Amino acid sequence: KQPTKEMRSDYLHKKKLNRILNNEELKLLIDSTNDFSYAQLNELYISIIIEWDCEQKVDILRLCDEMRSILRKQKKQNWEKNQTVGFSFE
């Protein structure tokens, strides 16, 4: 069972994302993560911090979409054959 909207809101506020995101962005993030577990929320939190650190802005919808795409691939175990992970020795 996934965390409710209120639980997601509490979790993300405890992570102090309001230091990076304004209220509108935080609301969008909470609304866009209704199918995320706590582990997935934490991964998203880390992605937000990294993106903010590198670019001084965060594309919430893109990050959520990318995470959903990864989750779908994990569930289907449908990875591209030529996709490499880690070092590639050619």
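Note that this is a predicted model, so its numbers are computed, not measured. When reading the values below, keep in mind they use all heavy atoms of this one structure, side chains included, and skip hydrogens, waters and symmetry mates.
- Hydrophobic clustering, with ILVMFWY side chains joined whenever heavy atoms are under 4.5 angstrom apart, groups Leu63 together with Ile49.
- For the ring pair (Phe, Tyr, Trp, His ring centres under 6.0 Å) test, residues two or more places apart in sequence or in another chain that qualify with Tyr11 are Tyr38.
- Distance CD1/Ile60 to CD/Glu51: 9.5 Å, rounded to 0.5 Å.
- Here the options are Asp10, Asn34, Thr33, Asp31, the test is side chain to side chain donor-acceptor pair (under 3.5 Å), and the partner is Lys5; only Asp31 passes.
- The distance from atom CZ of Arg62 to atom OG of Ser32, rounded to the nearest 0.5 Å, is 13.5 Å.
- Other residues, nucleotides and ligands contribute only 12 or fewer heavy atoms inside 6.0 Å of the CD atom of Glu24.
- Side-chain contact between Arg72 and Ser69 is present, with at least one heavy-atom pair separated by less than 4.5 Å.
- Across all their heavy atoms, Met67 and Leu44 have their closest contact at CE-N, 3.6 Å.
- A pairwise comparison of heavy atoms in Ile20 and Glu25 identifies O-OE1, 4.3 Å as the closest pair.
- Atoms CG and CG, from Leu17 and Asn22 in turn, are 11.5 Å apart once rounded to the nearest 0.5 Å.
- Tracing side-chain contacts under 4.5 Å through hydrophobic residues (I, L, V, M, F, W, Y), one never reaches Leu61 starting from Ile70; they form parts of separate clusters.
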Checklist line | Derivation of the side chain to side chain contact (heavy atoms under 4.5 Å, CB included) call for Ile46 and Glu43 | finding: CA-CA 5 Å; Ile46 293 168; Glu43 286 184 43; 5.8 Å; no
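- Annotation: Gln56, atom CD; neighbour count of heavy atoms from other residues, nucleotides and ligands within 6.0 Å is above 12.
- Distance OG/Ser9 to CG/Leu26: 6.5 Å, rounded to 0.5 Å.
- One finds the CG atom of Leu29 at 7.5 Å from the CG atom of Leu41 (value rounded to the nearest 0.5 Å).
- Rounding to the nearest 0.5 angstrom, the gap separating the CD atom in Gln2 from the CG atom in Asp35 is 7.0 Å.
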